Amino acid sequence: MSDPIRVDRRTTLKWLAAGLSFSAYHGQALAGSAPAAKGYGTDPDLNHAQATWHRVMTARERLQTALLADLILPGTDTAPAPSALGVHEFIDEWVSAPYPDQVRDLGVIRAGLASIDQEAVRRYGHDFVSITDADRHALLDAIAAPVGDKAGAEAQAGHRFFKTLRGLVVGAYFTTDVGMKDIGYLGNVALAAFPPATEEMLAIIDRECKALGV
Amino acid sequence: MGIPVAAIRGAVLTRPHNGRPACLYATACGRGCSIAANFQSTTVLLPVAQATGNLDTRTNALVYRVDVGTDGKARGVSYVDRVTGQHHSVRAKVVVLSAGACESARILLNSKSAQHPNGLANSSGLVGKYLMDTVGSSTTAYFPALEKLPGRNDDGISMAHIYVPWWGLQAQARKELDFARGYHIEIGGGQSMPSLNAAAMHAKLCETSYGPDLRKQLRQKYGSVVSLTGRGEMIPNEDSYCQLDPKVKDKWGNPVLRFHWKWGEHELKQASHMRKTFLELIHRLGGVPLEGTETDGAKAISTGGEIIHEVGTARMGSSAKDSVVNQFGQSWDASNLFVMDGAVMVSSPDKNPTETILALTWRSSVYLAEQAKLGAL
């Protein structure tokens, strides 16, 4: 891959807003963390929403992110790879936003991308974008395995980068229409009546409860 | 564990009613129901009021003061148009504040006059005091047994499907619990619409860290995570209140509120009881707790204001000395001033406060109409 897909900002911002509103809905401290509005006491104009930040990832970081995303959740015969859905574009929008969680993730992602590039050069003499898929797998394996509390700071940081990136990749992927279908979400369809649990489901619940002794 | 479970009651129509259609079991209720199958004052109450021809609505009007006549009674309100920045005053025979508990208190405190030097309706000094929120604590867990279920639409009415009402009254009567008052549990999860956080959380459950198997395992685990959410009663206390900030003003120059907050012992113990109950429930059902495992009440409890059920601040009562308004929301200090929102509540049960606010407002409105007819206001 040389030139990953570009997605317009209207789309990535909407995608981002959906991710953020989930956090807000569950009270995870979004409130109060937004950048100060001009003058205390008025609401943003949501009918004419505008991004108040610029996207910060370099073209190289976006390409690295796209490659890593496709390794984390490869496409199948029936489902496209993350890069085909623009997941790397979502991640760029995410780490560019000025809220505390996003600023934190920017630090983790940017350092991780730089580190994996350096490691590629050290091991294979070329940067991450230029090495083979097999070599990229080897680099990913090195940070994917869980690390213990006694591991060094570098190993801790590597695994933290992996977990942060994986969370964003699967989060972005499965909040697209394509991803929702792929994971098996069957809801959000208009129904005249909501169907009760089937006999099959009730039998499974009964069986599982018996197995648990409840 | 002796915990009862009931089908949840939602203010959602399952059959057409008064020109409103039945729910179509799609789209998220929390983002507003454009067909009005779900109750909202904007789509269910206001259109009916507008149809009478007796209602004028002025939008973008931020009321910051109730104006007072020389007789000490309410004369109208002053507001700033948040679009133009222009200030306006409107006259009224009766003023009803329904701005929400904190904002109603802010307007009253900001309505200082020679007759009401501490703010309007505040001769008792109680405006802003005894602010309450709901006690909150939740635990999220993974239940392997749920992986056995086939794919299904779990949306329903876009909220919890089942509900646990407070079951501890008898235990409290037997003095087996170390806290007063109770809580309910809301249960969420299943194969709901994927969200960023939920997808990331599911990935942590997978044995495979990445690659083709990650996708397979995510599909398998999808719908096996359930959250147990406790919502409990807070006992009002003297340390939880709001007052006008002496320094910070909004962009139109009006003082904002500053808040003081302290959970009492009962709330902290209640939050601890919630967590311990959730963990035992999860254990008995073969689940694995993922988030919300701390059982120390101070660490388990929500931040004051987080559950956004703020009530209190203009409590009702039977005398001008120990309350702000009477049982009809009528100010003791200015008989043509009413408060009709969560501000008047002197206690806050574990249930969401909206229906109590609606019921009290209905009662107050009937009283207001009767008094107006008698010429008593």
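Note that this is a predicted model, so its numbers are computed, not measured. Just so it is clear: chains get the letters A, B, ... in the order the sequence lines come, proteins before strands, and each one is counted from 1.
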Checklist entry - For the residue pair B/Arg219 and A/Thr78, what are the closest heavy atoms and their distance? => result NH2-OG1, 4.4 Å
Checking heavy atoms, do the side chain of [X], its backbone, both or neither come under 4.5 Å from chain A?
X        : answer
B/Leu285 : both
B/Ala145 : both
B/Tyr222 : side chain
B/Thr229 : neither

Item to check | Full working for side-chain contact (heavy atoms from CB on, under 4.5 Å) between B/Ile157 and A/Phe194 | outcome: CA-CA 8 Å; B/Ile157 52 171; A/Phe194 193 77; over 6 Å; no
Checklist entry - Would you call the rings of A/His137 and B/Tyr210 parallel, tilted or perpendicular if under 30° counts as parallel and over 60° as perpendicular? => result parallel
Checklist entry - Side chain of A/Arg166, backbone of B/Ser209: donor and acceptor closer than 3.5 Å? => result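 The answer is yes, because a donor-acceptor pair under 3.5 Å joins these two groups.
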Checklist entry - Is the backbone N or O of A/Ala197 less than 3.5 Å from a side-chain atom of B/Arg152, with the two atoms forming a donor-acceptor pair by type? => result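 It does not hold such a pair.
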Item to check | Criterion side-chain contact (heavy atoms from CB on, under 4.5 Å) on A/Tyr185 and B/Gln191, from CA distance to verdict | outcome: CA-CA 6 Å; A/Tyr185 176 55; B/Gln191 293 193 331; 5.5 Å; no
Next on the checklist: With heavy-atom distances below 4.5 Å as the criterion, would you say the side chains of A/Val189 and B/Leu24 are in contact?
Outcome noted: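 No, their side chains stay 4.5 Å or more apart.
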Item to check | Student check: side-chain heavy atoms of B/Leu149 and A/Glu208 closer than 4.5 Å | outcome: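 No, their side chains stay 4.5 Å or more apart.
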